[in-house]
Amino acid sequence: MARDRIEQYRWSSGAALALLLVDLTLNAIFQVFSHNTLLTLLIYIIQDVCLVFSLILLFLGLFSTTLSQAGLIGELFHKFQWCILVVITYLGLSIGLHSWSLEKQWQKPEVYIWTHGMVSLFTIQRVVGAVYYYLYKRTILQLSEKKFYSQVSVGNCK
């Protein structure tokens with residue numbers, strides 16, 4: 001039974017890492033397509049949907065462990081609280097930056113406008129993004145350990 005859960009989690013961890021790679025790629029190439037508002041909107045929508053799916057896969061990974069099935073969800077949240085907070089923060093910063101930049105771009109499509117606030121938000125979003133990439137990958141790899149799926153006593157999972 002634990003073997004089935006490990007095989008299932010390999011698929012979901014692969015999908016989570018693929019979503020991480022898509023987000024990283026879209027962050028890298030968005031500037032190339034910034035002259036076209038429709039294409040920029042499409043890139044932003046894809047990126048935000050990938051972030052939401054990443055959050056969903058993280059919670060699915062957390063809730064499929066033996067600890068959560070034993071009712072120790074608080075222990076899991078305590079162990080992975082920084083990753084959860086950073087993912088939610090990064091999602092909020094990304095949505096804020098995307099909506100603000102699209103609003104400015106739609107107001108004056110012929111002019112490329114970046115205010116001081118937008119540059120600050122962009123910088124903060126990118127720094128939090130780097131922390132997100134690190135913590136999310138580390139959490140996905142930690143959750144793929146067999147100890148979270150084996151039938152062991154709760155004291156051994158800490």
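No hydrogens, no waters, no symmetry mates; every other heavy atom, side chains included, goes into these values. These numbers come from a predicted model, not from an experiment.
- Shown here are the side-chain contact (heavy atoms from CB on, under 4.5 Å) partners of E103, two or more places apart in sequence or in another chain: W100, Q107.
- Partners of T40 according to the side-chain hydrogen bond (donor to acceptor under 3.5 Å, both in side chains) rule, which considers only residues two or more places apart in sequence or in another chain, do not exist here.
- Shown here for G96 and L121, the closest heavy-atom pair between the two residues is C-CD2, 4.0 Å.
- The shortest heavy-atom contact between F80 and T139 is CD2-CG2, 3.5 Å.
- Listed for the R138 side chain is no donor-acceptor partner under 3.5 Å among the backbone atoms of C83.
- Taking CG from L17 and CG from L24, the interatomic distance works out to 12.0 Å, rounded to the nearest 0.5 Å.
- In this view, Q105 satisfies the side-chain hydrogen bond (donor to acceptor under 3.5 Å, both in side chains) rule with no residue, not counting sequence neighbours.
- Relative ring orientation between Y132 and Y90 is described as parallel, the plane-to-plane angle staying below 30° on a 0-90° scale split at 30° and 60°.
- Here CD1 of I84 is found 11.5 Å from OG1 of T89. Values are rounded to the nearest 0.5 Å.
- Using a 4.5 Å heavy-atom threshold, the side chains of M118 and S101 count as touching.
- Considering only residues two or more places apart in sequence or on other chains, Y134 meets the ring-ring contact (aromatic ring centres under 6.0 Å, His included) condition with none of them.
- Between the CG atom of L26 and the CD1 atom of I45 there is a distance of 12.0 Å, given to the nearest 0.5 Å.
- Of all heavy-atom pairs between V87 and L58, the closest is CG2-CD2, 4.4 Å.
- Annotation for A16 and I140: closest pair CB-CD1, 3.8 Å, computed over non-hydrogen atoms.
- Using modelled atom types and a 3.5 Å distance limit, the side chains of D23 and Y136 yield no donor-acceptor pair.
- Residues that satisfy the side-chain contact (heavy atoms from CB on, under 4.5 Å) test with S120, not counting sequence neighbours, are absent from this structure.
- For the side-chain contact (heavy atoms from CB on, under 4.5 Å) test, residues two or more places apart in sequence or in another chain that qualify with L91 are L51, V52, I95.
- Considering every non-hydrogen atom in both L93 and V128, the closest pair reads CD1-CG2, 3.7 Å.
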